[in-house]
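Written out below as structure tokens is the structure these notes cover.
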Amino acid sequence: MTNVAPPLALLAEVTYRCPLQCPYCSNPLELERAKQELDTDTWLRVFDEAADLGVLQVHFSGGEPTARTDLDLLVAGASRFGLYTNLITSGVLLNEAKISALATAGLEHVQLSFQDAEAAGGDRIGGYKGGHEKKIQVAKLVRMAGLPLTLNMVVHRQNLDHLEDMIRLAVDLDAHRVEIAHVQYYGWGLTNRAALMPTRKQVETATAIVDRARERLKGVLVFDYVVPDYYARRPKSCMGGWGRRFLNINPAGKVMPCHAAETIPGLEFESVCDHSLSEIWTSSEAFRRFRGVEWMPEPCRSCDRREIDWGGCRCQALAVTGDAGNTDPACELSPNHHKMLQLAEVESDGPPPAFVYRRMGGAPRQKEAQPARDERL
Ligand code: SF4
Ligand code: FES
């Protein structure tokens, strides 16, 4: 296949190490250890190849990307190749010197995650004692360094009732943008779905709050609101379509169309250690599998939205229907749509179970009774 348009952005998951343990982490349940991470030179070669391929943006992500001591070198390299650089971080490993080094290296934007509007909830959800307060300090340092700031708020059943306060926090911290995203249920989020699934009432209230705040804060704060699929009537255009706009490189160098693609059985992902990025983007079987509209079943195949939402999310189709090749069940035209709604209604009813916190090293075992972890990696 030769005529494939270039990707817009590269999500560089430079490490899976992370001091936080969020129960909705989109990383795989089996996390690759530090020794399997690509080294500095390989990442720099990948950024060079990405720029040649036509990529415009690099989003540094993880795990926690600032756990890598060479992050400023990676940012400087990406910047040198003309790529826009964005850091997606929990912030808890940052300080003034590190922020200044990243800004000098050419970092252009910071997305800082918050787990709740205040410390008790934030530290409990992130499984990291002292994290919320540290994030507030880091947000101020980011702004003092002159970097634009987006606050990322992942919302769910256990923090949605604090949404007004979360928006207030974004204004107080002089953020330019706030991304309010309902949990996506794959990776650890799928494991914790019953603990995180909001009620329909919560979702309706949250949507009304965002609508009002968007109006009230015009010119002050830009809102990016990701609605929850389980109560939706149409799916999101996940990743802008499989293999159309984004590529994701995991810490060990595997290249994937999205961060959850490894959950799909039968797909083999090629590595930047063995192939050029351009070769993988244009020819890899995994990218071609769901690219475009040829793979689509009915009702997508004859639907006039097929080149708008591209049939929704493959990983969600797998998680709910057991087959990644099905129409995303978030679509009300899907024969599986009722299953998804039922799941949401059943799981959001009654008290939430304890969180299973994200951890390195395999099958989830750690329950919420364990106290929030101290400040260490
Ligand atoms: Fe999108 Fe397929 Fe639903 Fe049409 S039938 S709206 S293409 S998911
Ligand atoms: Fe994989 Fe949506 S997360 S296609």
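Whatever order the structure lists them in is the order used to number ligands and atoms, beginning at 1.
Salt-bridge check for Lys236 with Asp229: passed, with a basic side-chain N closer than 4.0 Å to an acidic carboxylate O. Ion pairing between Arg289 and Glu285 fails under the 4.0 Å rule for side-chain N and carboxylate O. Salt-bridge check for Asp165 with Arg168: passed, with a basic side-chain N closer than 4.0 Å to an acidic carboxylate O. Salt-bridge annotation for Arg177 and Asp224: present, with a side-chain N of the basic residue lying under 4.0 Å from a carboxylate O of the acidic one. Between Arg234 and Glu332 there is a salt bridge, since at least one side-chain N of the basic residue sits less than 4.0 Å from a carboxylate O of the acidic one. Salt bridge absent: Lys135 and Glu133 never bring a charged side-chain N and a carboxylate O closer than 4.0 Å.
The closest side-chain donor-acceptor pair between Ser278 and Glu49, if any, does not fall under 3.5 angstrom.
Counting only protein N, O or S atoms, the number found under 2.8 Å from atom 1 (Fe) of ligand 1 is 2.
Here Asp174 pairs with Arg143 under the salt bridge (Lys or Arg N to Asp or Glu O under 4.0 Å) rule; sequence neighbours left out. Residues passing the salt bridge (Lys or Arg N to Asp or Glu O under 4.0 Å) test with Arg245: none are found, sequence neighbours excluded.
Counting only distances under 2.8 Å, and ignoring water, the protein N, O or S atoms around atom 2 (Fe) of ligand 2 are Cys238 SG, Cys313 SG.
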